[in-house]
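For reference, the structure is listed below as structure tokens.
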Amino acid sequence: MTDQDLRVGVIGAGMMGSDHAARIHERLSGARLVAVGDPDAERADRAVRGVPEARAETDPLAVITASDVDAVVIASPGPAHEPLLLAAVERGIPVLCEKPLTPDPESALRVVRAEAAGGRKLVQVGFMRRFDPEYLRLKELLDAEEFGRTLLLHCAHRNPSAPPGFTTDMLITDSVVHEFDTTRWLLGRDLTAVSVRQQGTAPSTDAGVPQLVTIETGGGVLVDVEIFVNCGFGYQVRCEAVCEQGTALVGGDTGMRTHHAGRWGGGVTSDFRPRFRQAFDAEFQRWVRAARAGGIDGASAWDGYAAAAACEAGVTAQRTGQRIEIVLAERPELYA
Ligand code: ISE
């Protein structure tokens with residue numbers, strides 16, 4: 001720890017917030033945890049246990065305005081993000097905000113406009129797949145057109161079981177939001193339309209039933225996503241790119257292979273924390289470096305807004321069974 005360490009406050013001490021607080025304390029260099037804010041005092045206390053120099057707060061805004069906080073991580077529920085983001089932008093401190101940036105495009109655009117008015121990118125959205133070594137290699141291959149032009153992406157996003165209260169909307173806003181972002185990032189093109197297919201004729205109210213999402217993109221690449229949050233066997237996120245002269249697959253669970261008791265096999269990760277642990281670590285370490293220089297290094301507020309616009313269209317597509325176009329506002333100069 002040094003005097004130049006970035007002094008970080010974490011807002012939200014739920015599953016992700018406490019995971020990030022531990023990450024900052026245990027695994028990052030150039031940063032130290034100074035505060036955790038959560039309206040639930042017990043959760044906040046738990047997240048700073050074992051970090052004597054960090055305090056627990058019950059008012060998340062107090063973390064943003066504290067003079068000993070240089071940068072904040074926002075990991076509270078999405079509906080709480082907008083006032084926190086606006087306060088951080090007003091104070092001029094860097095933020096790493098877990099997705100979603102905000103729950104809808106209108107509020108996301110207000111954050112974008114507030115940031116753009118200040119002329120400096122301060123808000124990074126926690127789309128961690130952009131830091132996953134396999135996804136990074138896939139992007140490199142696609143950017144260099146190693147197998148020719150990209151034609152299609154086939155994606156599968158499977159969670160072992162839906163947490164209590166997980167609704168069908170959340171298949172889009174909480175889960176497929178990652179594919180919206182990775183698709184834009186991998187292809188370097190905006191998304192233009194979205195359709196959702198599901199079993200039967202009426203929109204399903206059971207989030208445990210798989211759905212198929214089709215995404216159209218500016219460059220003409222078609223993307224399909226199977227979203228299945230009740231697959232039972234483990235956590236799996238795959239993306240296969242079909243190019244003119246070959247295919248490339250990431251997320252194929254190609255870790256250690258075992259041979260034992262007359263069988264061979266390998267492991268499947270249990271949830272997104274172990275699957276993307278390396279990505280989260282890299283994302284945070286790079287953010288710390290960027291934040292110390294006063295900026296960001298990852299998905300911007302504009303990317304968060306684009307994802308929110310795709311989610312809104314996706315939920316409408318899911319409810320109506322129609323193909324819904326994704327229309328974006330004019331992009332401020334800051335994100336050109
Ligand atoms: C969760 O919120 C995440 O962000 C995970 O990455 C995703 O796989 C999961 O489906 C979401 O519920």
Side-chain angles (χ1 to χ4, degrees), residues 10-20 23 73-81 96-104 108 124-136 153-186 196 198 204 206-213 215 223-239 250-253 268-284 298-299 303-304 306-308 310-311 314-315 318:
V10 173
I11 294 172
M15 179 175 60
M16 289 318 291
S18 45
D19 203 44
H20 293 327
R23 169 170 291 106
V73 171
I74 298 179
S76 49
H81 289 184
L96 176 47
C97 179
E98 267 302 337
K99 61 89 190 155
L101 178 66
T102 65
D104 56 76
Q124 177 168 334
V125 185
F127 285 125
M128 76 297 190
R129 290 191 194 173
R130 294 180 178 218
F131 300 87
D132 177 65
E134 286 189 60
Y135 269 93
L136 281 164
L153 298 180
H154 296 300
C155 309
H157 186 158
R158 302 180 182 129
N159 293 242
S161 59
F166 204 87
T167 60
T168 46
D169 287 17
M170 290 168 76
L171 293 173
I172 303 293
T173 59
D174 207 56
S175 301
V176 177
V177 62
H178 283 289
E179 275 73 18
F180 288 144
D181 182 67
T182 41
T183 299
R184 275 184 77 242
W185 170 73
L186 280 172
V196 180
Q198 40 189 311
S204 173
D206 181 355
V209 174
Q211 300 195 353
L212 292 176
V213 179
I215 306 168
V223 181
D224 60 69
V225 184
E226 170 203 316
I227 178 66
F228 185 17
V229 297
N230 206 18
C231 76
F233 65 82
Y235 185 67
Q236 197 174 49
V237 165
R238 294 170 167 236
C239 176
V250 297
D253 301 317
V268 183
T269 46
S270 55
D271 70 49
F272 46 90
R273 285 165 301 170
R275 163 66 180 87
F276 287 111
R277 182 180 155 134
Q278 244 189 303
F280 280 122
D281 285 354
E283 174 188 43
F284 271 66
D303 297 321
C311 285
V315 170
Q318 194 184 44

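Numbers here are sequence positions counted from 1. Source: prediction; values computed, not measured. Each ligand, and each atom within it, is numbered from 1 in the order the structure gives. Keep in mind that the numbers below use all heavy atoms, side chains included, and drop hydrogens, waters and symmetry copies.
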- Report the nearest protein non-hydrogen atom to atom 12 (O) of ligand 1: residue, atom name, distance rounded to 0.1 Å. D174 OD2, 2.7 Å
- Query: Looking only at protein heavy atoms, which one is nearest to atom 5 (C) of ligand 1, and how far off is it?
  - Reply: F272 CD2, 3.4 Å
- Message: Between K99 and D181 (salt bridge meaning N to carboxylate O under 4.0 Å), is one present in this structure?
- Response: no
- Item | Polar contact flag, side-chain donor to acceptor under 3.5 angstrom, E98-H81 | no
Taking only non-hydrogen atoms of [X], do any sit less than 4.0 angstrom from ligand 1?
{"X": "F276", "answer": "no"}
{"X": "H157", "answer": "yes"}
{"X": "V229", "answer": "no"}

Would you kindly specify which portion of [X] sits under 4.0 Å from ligand 1, judged on non-hydrogen atoms: side chain, backbone, both or neither?
{"X": "N159", "answer": "side chain"}
{"X": "M128", "answer": "side chain"}
{"X": "H178", "answer": "side chain"}

Between the main-chain N or O of [Y] and the side-chain N or O of [X], is there a donor-acceptor pair closer than 3.5 Å?
{"X": "H154", "Y": "D224", "answer": "no"}
{"X": "E134", "Y": "G251", "answer": "yes"}
{"X": "N159", "Y": "S161", "answer": "no"}

- Message: List ligand 1 atoms under 4.0 Å from S175, heavy atoms only on the residue side.
- Response: 9 (C), 10 (O), 11 (C), 12 (O)
- By number and element, which atoms of ligand 1 are closer than 4.0 Å to a non-hydrogen atom of Y235? 5 (C), 6 (O), 7 (C), 8 (O)
- Polar-atom distance check: R129 versus ligand 1, any N or O pair below 3.5 Å? no
